[in-house]
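Just below is one structure, and these are the notes that go with it.
Keep in mind that what you see is a predicted model, and the values were worked out from it rather than measured. Proteins come first, then strands; the chains are lettered A, B, ... in the order of their sequence lines, and each starts at number 1. No hydrogens, no waters, no symmetry mates; every other heavy atom, side chains included, goes into these values.
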Amino acid sequence: MGYEGPLEQIDANSWRIPKSYKSGMRVDGVIFADDAMMKKLRHDQAPDQVANVATLPGIQRASFAMPDIHWGYGFCIGGVCATDPDDGGVISPGGVGYDINCGVRLIRSHLTEKKLGKRLRPLVDALFEAIPTGVGRGSRFRFSEKEIDQLLAKGPGYLVRDRGIGCERDLLFTEANGCLEGARPDFVSQRAKQRGASQCGSLGSGNHFAEVQVVDHVFDEKVAATLGLFQGQVCVMIHSGSRGLGYQVCDDTLRVFRDIPAKYGIDLPDRQLACAPIVSEEGERYLGAMRAAANYAWGNRHLLMHQVREVFEEQFDRTWEDLGMDLVYDIAHNIAKFEEHDVAPGTKRRVCVHRKGATRAFPPGHPELPDEYQSVGQPVMIPGDMGTASYVLVGAPGSMERTFGTTCHGAGRQMSRTASVKAARGRNIAKELAGRGVIARAHSRKGLEEEQPDAYKDVSMVVEVVARAGLSNKVARMRPIGVIKG
DNA sequence: ATGTCC
């Protein structure tokens, strides 16, 4: 079952689904992809999901999808949708995803691959021992009921200021400073908090990882230098989200939202697009809980970084400050937040930008960027597969004009999890990775099989499209040398 | 993604 509707080529990198395609579409759909990607997309349901999102009340300009588009719950992964609260705009949990504020952070260091040498193996082993990974795993950090409310309200700011973990600079180099205003811990269920209380500081499973990487190629020396990156440098990339807490918030909300569209007279082409007006009791309850889960996720990645720093300190017998292990940046790629954007030429509005498997990519000069990055734009980390590469980009002016300041978020799967496991029969993925120069540690053999390099599209093709489309510019390619997973 | 079914 593929997509049989119209796809009009706008230019080399983007395609339009006209709003005449489906009744109820309020705006066009726009998909960023090259010719080869578009051919494959015809066999996917995801373009129909882009069209469905275009029917949501209050949607502005267009329903967008990034080149790593694939099918998801209600909204496609790689989807971007901005709604205006003053135009009847809605908030939809499906437009955020189950893993609220899943995201990526990159930590740099003074170390080089050359200097690391034989110390890589014990380093990866120590990371695997220190950092909890896998489904349902808890961490060594504990939060009482009062403390979890603090964490949900303040995010990593609570960890830095009240618990002395990490430093103020860590907050400055996190999207939204790691704290969304208007978080409502009191709108998060007891069950969600219980799951979250023991899991903060754990990695999780699936595509989540912590990776030791080497800067393999620099595309833009000047920008790389501003981000503190250089050829041959050792970095650590962390990909994780809000664990069981965010999942539970999404699950709790979807239960409540089943009958809400009808209550407000909202007609939907797919029940999974369940939503509520931003200006409604139900909308405000989800927004408050979602923001709290987002703050939790930033706290989680902050604690993961803290544990990485501890391991490096022990392995190299120097402080993390001495090792130069500063946070380059932390970005969310599953979130909805209010931002100022042009909804028409010269008309600025505060809109609710849903990014589901899509990354904010603010250009140089944006007021939300830290001073150090004003001249280069916001760093964007794009994880690829664990055997090939990840990318660092920076936001470009085209993102504001075209996609509400957004770019892609990853390679995107090309094989289902079951197909990946089947394809791994009789093979040893860890051994194959070792042959490619990557030390991989995971609790589950099946987990590694699901995440094998073949399961993913070529991340470099995805990055090429967003670069050519002017959404974000390439800075550096990162090659994995050690990875820990669930 | 997720104590992959309270």
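As a whole-Å value, the separation of A:Arg191 CZ from B:dT2 P is 16 Å. The nearest whole Å value for the distance from the CD1 atom in A:Ile77 to the P atom in B:dT2 is 14 Å. Put simply, CZ on A:Arg255 is 8 Å from P on B:dC6, counting in whole angstrom units. The separation between A:Asn300 atom CG and B:dT2 atom C1' is 14 Å, rounded to whole Å. Between the CD atom of A:Gln190 and the C1' atom of B:dC6 there is a distance of 17 Å, given to the nearest Å. Separating the CG atom of A:Asp252 from the C1' atom of B:dC6 is a distance of 12 Å, rounded to the nearest angstrom. A:His443 places its NE2 atom 18 Å from the P atom of B:dT4, with the value rounded to the nearest Å. One atom, CD of A:Glu451, and another, C1' of B:dT4, lie 14 Å apart when rounded to the nearest Å.
Within 4.0 Å of A:Glu450, counting heavy atoms only, lies no atom of the nucleic acid at all. Looking at heavy-atom distances under 4.0 Å, A:Arg137 makes no contact with the nucleic acid at all.
Sorted by first then second residue, the ring pair (Phe, Tyr, Trp, His ring centres under 6.0 Å) pairs that include residues 171-204 of chain A, not counting sequence neighbours, are A:Phe173-A:Tyr373.
Residues satisfying the side-chain hydrogen bond (donor to acceptor under 3.5 Å, both in side chains) test with A:Asn295, not counting sequence neighbours, are none.
Atom CD of A:Glu145 sits in a sparse spot, with 12 or fewer heavy atoms from other residues, nucleotides or ligands closer than 6.0 Å. The number of heavy atoms from other shown groups lying within 6.0 Å of CZ (A:Arg142) is above 12.
Residues A:Arg417 and A:Asp251 both approach DNA chain B. Their nearest nucleotides, taken by heavy-atom distance, put A:Arg417 toward the 5′ side.
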